[in-house]
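Computed over heavy atoms, backbone and side chain alike; hydrogens, waters and symmetry mates excluded. Whatever order the structure lists ligands and atoms in, that order sets their numbers, starting from 1. A quick note: this is a predicted structure, and the numbers were derived from the prediction, not measured.
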Amino acid sequence: MEQSLTLLGLESSCDDTAAAVVRQSGQGPAEVLSSIVFGQTELHSAFGGVVPEIAARAHAEKLDHCVRDALAAADLRLQDMDAIAVTAGPGLIGGVISGVMCAKGLAAATGLPLVGVNHLAGHALTPRLTDAVPYPYLMLLVSGGHCQYLIVRGPDDFKRLGGTIDDAPGEAFDKTARLLGLPQPGGPSVQKEAESGDPRRFRFPRPLLDRPDCNLSFSGLKTALMRMRDQVMAEKGGLTRQDRADLCAGFQAAVADVLAEKTLRAIRRYLEEVPTTRTVAVAGGVAANTAIRAVLETVCTEVDAQFVAPPLALCTDNAAMIAYAGLERFRSGEQDGMELSARPRWPLDQSSPAMLGSGKKGAKA
Ligand code: KG4
Ligand code: ZN
């Protein structure tokens with residue numbers, strides 16, 4: 001019987017300050033005892049994107065409140081923890097440093113072990129936290145800063161099969177919303193508009209489907225949308241509610257189609273390497289999109305694979321996934337010392353070549 005472990009997790013790599021307590025008793029399922037997230041959307045809304053300096057300052061101010069609230073919600077004290085896990089990258093460096101410094105302070109004050117966690121590993125291991133999915137499995141990570149297919153074999157063992165060569169899908173949703181004057185974050189606004197739109201009225205491209213690999217591209221969709229919007233505006237002098245809805249529906253359908261087809265290819269590549277377990281999991285904020293979830297589910301059914309989509313609150317940035325990824329590392333005997341440093345870039349699959357442009361803007365991970 002394996003030991004019961006309780007970890008405090010901290011997350012501050014982008015624009016959410018988060019703390020959570022996660023426990024795993026022996027080999028049983030992990031339990032999220034608390035998960036507190038302070039978003040910063042309002043702080044950045046006037047600037048049309050995340051401002052790194054503002055984000056770092058807000059993290060530094062909020063982290064200790066977050067820790068206090070997470071411990072109170074779990075009805076536990078710091079002394080009840082077995083270790084402290086913290087996002088050590090990738091992300092906006094000021095925010096990551098705020099989290100790492102806070103975690104080091106707590107570790108120094110309590111003598112608790114410190115465990116640095118890769119934010120992307122946090123997302124990639126979420127299906128184990130929520131559904132106890134066994135290794136290996138195929139992960140599609142789709143967020144505001146990332147889009148990649150990974151074979152997940154262990155807490156530190158990832159193989160990238162492909163990913164975006166430019167924008168991440170969440171970034172494309174956010175830019176689309178900005179171009180149409182819809183509120184941020186763009187994903188939920190575009191999804192809502194798309195519900196009353198006709199996806200066939202505007203013909204959006206399906207980028208990179210002519211290439212057999214698992215790479216994707218989303219920046220052309222945003223350019224296509226801008227062109228179509230400008231054309232309608234030039235013809236009619238403005239956009240009607242229906243024009244906006246049709247543009248959103250066309251854009252969303254293009255993203256969903258491309259993700260469906262590339263996921264099918266990624267599953268085939270995955271099955272060549274891992275014919276034994278047919279599990280496909282999704283994580284990241286874009287996994288909240290109901291149309292995208294639906295097409296991914298259909299693709300999985302077609303190839304007889306199990307589809308795992310964690311609940312929304314654990315798909316978007318949170319600290320429970322960091323506490324859990326830290327718990328797995330800690331259980332396998334790993335931890336970090338006070339020399340743990342913040343890493344703005346930290347690919348999960350170190351052997352894979354860097355993707356062109358992917359994550360260059362680096363605000364979201
Ligand atoms: O994972 P996340 O919280 O942050 C990181 O990027 O790490 O994801 C946020 C992204 C944003 O770009 C947001 O627009 C997108 O996820 N998103 C969605 C939806 N909900 C959030 N995109 C499409 N449809 C949604 N329903
Ligand atoms: Zn993230």
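- For the Zn ion (ligand 2), the N/O/S atoms of H123 include one lying under 2.8 Å.
- Below 3.5 Å of separation, one finds no N or O of G284 facing any N or O of ligand 1.
- Side chain to side chain, S341 and E339 fail the donor-acceptor criterion of an N or O pair below 3.5 Å.
- Using a 4.0 Å cutoff on heavy atoms, C14 does not count as a contact of ligand 1.
- With R23 as the partner, the side-chain contact (heavy atoms from CB on, under 4.5 Å) test is satisfied by one option alone out of D82, L33, L327, V32: L33.
- A donor atom on one side chain and an acceptor atom on the other are found under 3.5 Å apart for S217 and D166.
- Here ring-ring contact (aromatic ring centres under 6.0 Å, His included) pairs that include residues 155-195, with residues two or more places apart or in two chains, are F173-F251.
- Considering backbone and side-chain N/O of T316, none are found under 3.5 Å from N/O of ligand 1.
- At a 3.5 angstrom cut-off on N or O pairs, G170 counts as close to ligand 1.
- In terms of N/O distances under 3.5 Å, ligand 1 is not approached by P185.
- Heavy-atom proximity to atom 13 (C) of ligand 1, evaluated over V190, V142, D174, I292, is greatest for D174.
- Note on H119: counted as a metal contact of the Zn ion (ligand 2), an N/O/S atom lying under 2.8 Å.
- Each ring-ring contact (aromatic ring centres under 6.0 Å, His included) pair with one or both residues in residues 307-345, not counting sequence neighbours, would appear here, but there are none.
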